[in-house]
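Note sheet for the following structure.
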Number of protein chains: 2
Amino acid sequence: MANQAKPSTGEQAKQHALAQLRQAILGGEMSPAQRLVENELAEQFGVTRASVRAALIDLAGEGLVERIPNRGSRVRVVTVEEAVAITECRMVLEGLCAAKAAVEATDDQLTELAEIGTAMGKAVADGEPMTYSGLNQELHAKIRQFSGQQVAVELLERLNAQLVRHRFQLSLRPGRPQQSVNEHLAMIEAIRARDPQAADAAARAHLASVIDALRE
Amino acid sequence: MANQAKPSTGEQAKQHALAQLRQAILGGEMSPAQRLVENELAEQFGVTRASVRAALIDLAGEGLVERIPNRGSRVRVVTVEEAVAITECRMVLEGLCAAKAAVEATDDQLTELAEIGTAMGKAVADGEPMTYSGLNQELHAKIRQFSGQQVAVELLERLNAQLVRHRFQLSLRPGRPQQSVNEHLAMIEAIRARDPQAADAAARAHLASVIDALRE
DNA sequence: GCGAACAAGATTGTCAACGATTTCGTTCAC
DNA sequence: GTGAACGAAATCGTTGACAATCTTGTTCGC
């Protein structure tokens, strides 16, 4: 059971525990609403309870775990309503990023986006939903990056981390990639055309569609 | 110098320290970039270093303090560029909230907004910038609240907390309230008219104007 | 048999002391 | 006089133990 990774020198124990825990939660190794007992985690990661504690406080700030005073921590479960609310926020923030990216991105970066677009088309045509899901992530990440809007990037990464479980469920839905790919291509085209308004509209339209899909 | 408040029973030491520290930072009692030494704060608040430490980790998650490994914590300074980026995010998020508030708010709540609007007009006419600033805060808070968008509310409160220093500086600028009040009234009118698109546009226009003012 | 008081176990919150790292002032060689 | 090496002070990171709190299972009275 011991999941011990090397406590390599120079790496602070707390950051070690933080990385391990975050990875475990994001990787889906923790069941939803699972209790996170400080002592168990400390032994599992080979660090002291204080380090685990600090990591848990950090993760609570990121919204990945829920801490109740004197009653411990657990993996936070995101209801469908919350997922919708989160995606609404993503909608406007990614719209902002797309608009800024349309203005700020270099020509090389626009080429990168185009390449991801063709790869996405291929993945859908080949019927590889997992590949598509990865490209999806990559595309959104690159658009965020190219916008140069650091604050929005941080907010979006925080929000995205809370959606791991829902995203999984969504990308495996039959027919979903086929619809989604066109919306993504529209975003890419608008950004490559350096049209901020169109980029914002395309990003919003895409995430509005995601919201519809989330609601089933 | 001892700022000791009662360590009232039932109140956890960490939360006590957290509240004290947050208030001190938001209240402007800490100079920008001031070093926050754990031992000093522990003695000042009458709690142990571990509690102060936990509080500092929390505040770092909120973006109010900056923590550098092995080198301590300090009050985070928000540059003008960062303030602009934060306000850009506020722009789209408050637009979302205004649009949702236009749909979701009850008639009673719309009346509350109208009352704040008239009070703002009076404060400007009477030349009371501090009263106006308070009403400003109150108006934005109420619109957020009425939107029912809990995720956006939390993000906006976090972002707003980082702007205390800049907000201060801005509201005392001569002529600024006069321009700002009209934008606020436009927002209120759009929401009262239950027009989501107009509400979004008005909120964005207002914060775009704030961005211009921030850049001087 | 049922519910409330009680006690034992588990878990988190707090504490004081120790060890590691960084910073800053001093000294020494050139 | 300048710069690097050294060392002391300050501060953060970590540790193990103790206290407070909550949960759970049991017992007692009715």
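Residues meeting the salt bridge (Lys or Arg N to Asp or Glu O under 4.0 Å) test with B/D107, sequence neighbours left out: B/R194. Evaluation of the salt bridge (Lys or Arg N to Asp or Glu O under 4.0 Å) rule for B/E81 yields no partner, not counting sequence neighbours. Evaluation of the salt bridge (Lys or Arg N to Asp or Glu O under 4.0 Å) rule for B/R74 yields no partner, not counting sequence neighbours. Listed by chain and number, the residues in a ring pair (Phe, Tyr, Trp, His ring centres under 6.0 Å) with B/H166 amount to none (sequence neighbours excluded). A/R165 meets the salt bridge (Lys or Arg N to Asp or Glu O under 4.0 Å) test with no other residue; sequence neighbours excluded.
If you check every strand for non-hydrogen atoms under 4.0 Å, B/L56 touches nothing.
Distances shown here put a side-chain N or O of A/T48 below 4.0 Å from the OP1 or OP2 atom of D/dT15.
Among the nucleotides C/dA17, C/dT12, C/dC15, the one closest to any side-chain atom of A/R35 is C/dT12. Relative to the side chain of B/V37, the nucleotides C/dC15, D/dT14, D/dC12 differ in distance, and D/dC12 lies closest. With D/dG13, D/dA17, C/dA16 as the candidates, the nucleotide lying closest to the side chain of A/R49 is D/dA17. Side-chain atoms of A/S51 lie closest to D/dT15 of the nucleotides D/dC12, C/dT14, D/dT15.
Residue B/Q15 contributes atom CD, which lies 13 Å from atom C1' of C/dT12 at whole-angstrom precision. Separating the CZ atom of B/R53 from the C1' atom of D/dT15 is a distance of 12 Å, rounded to the nearest angstrom. Taking atom CD of B/E38 as the reference point, atom P of C/dA16 lies 15 Å away to the nearest angstrom. Here the P atom of nucleotide C/dG13 and the CG atom of B/D58 are 12 Å apart, to the nearest Å. Between the NZ atom of B/K14 and the P atom of D/dT21 there is a distance of 16 Å, rounded to whole Å. The CD-C1' distance, from B/E40 to D/dT11, rounds to 10 Å in whole Å. In this structure, NE2 of B/H16 is placed 15 Å from C1' of C/dG13, rounded to the nearest angstrom. Between B/L36 atom CG and D/dC12 atom P there is a gap of 9 Å when expressed in whole angstrom units.
The aromatic rings of A/H184 and A/H140 lie perpendicular to each other, with more than 60° between the two planes, well past the 30° mark.
Listed in residue order, the members of residues 59-76 of chain B having a heavy atom less than 4.0 Å from DNA chain C are B/N70, B/R71.
Under the side-chain contact (heavy atoms from CB on, under 4.5 Å) test applied with B/E62, the options B/Q162, B/E157, B/R22 reduce to a single match, B/R22.
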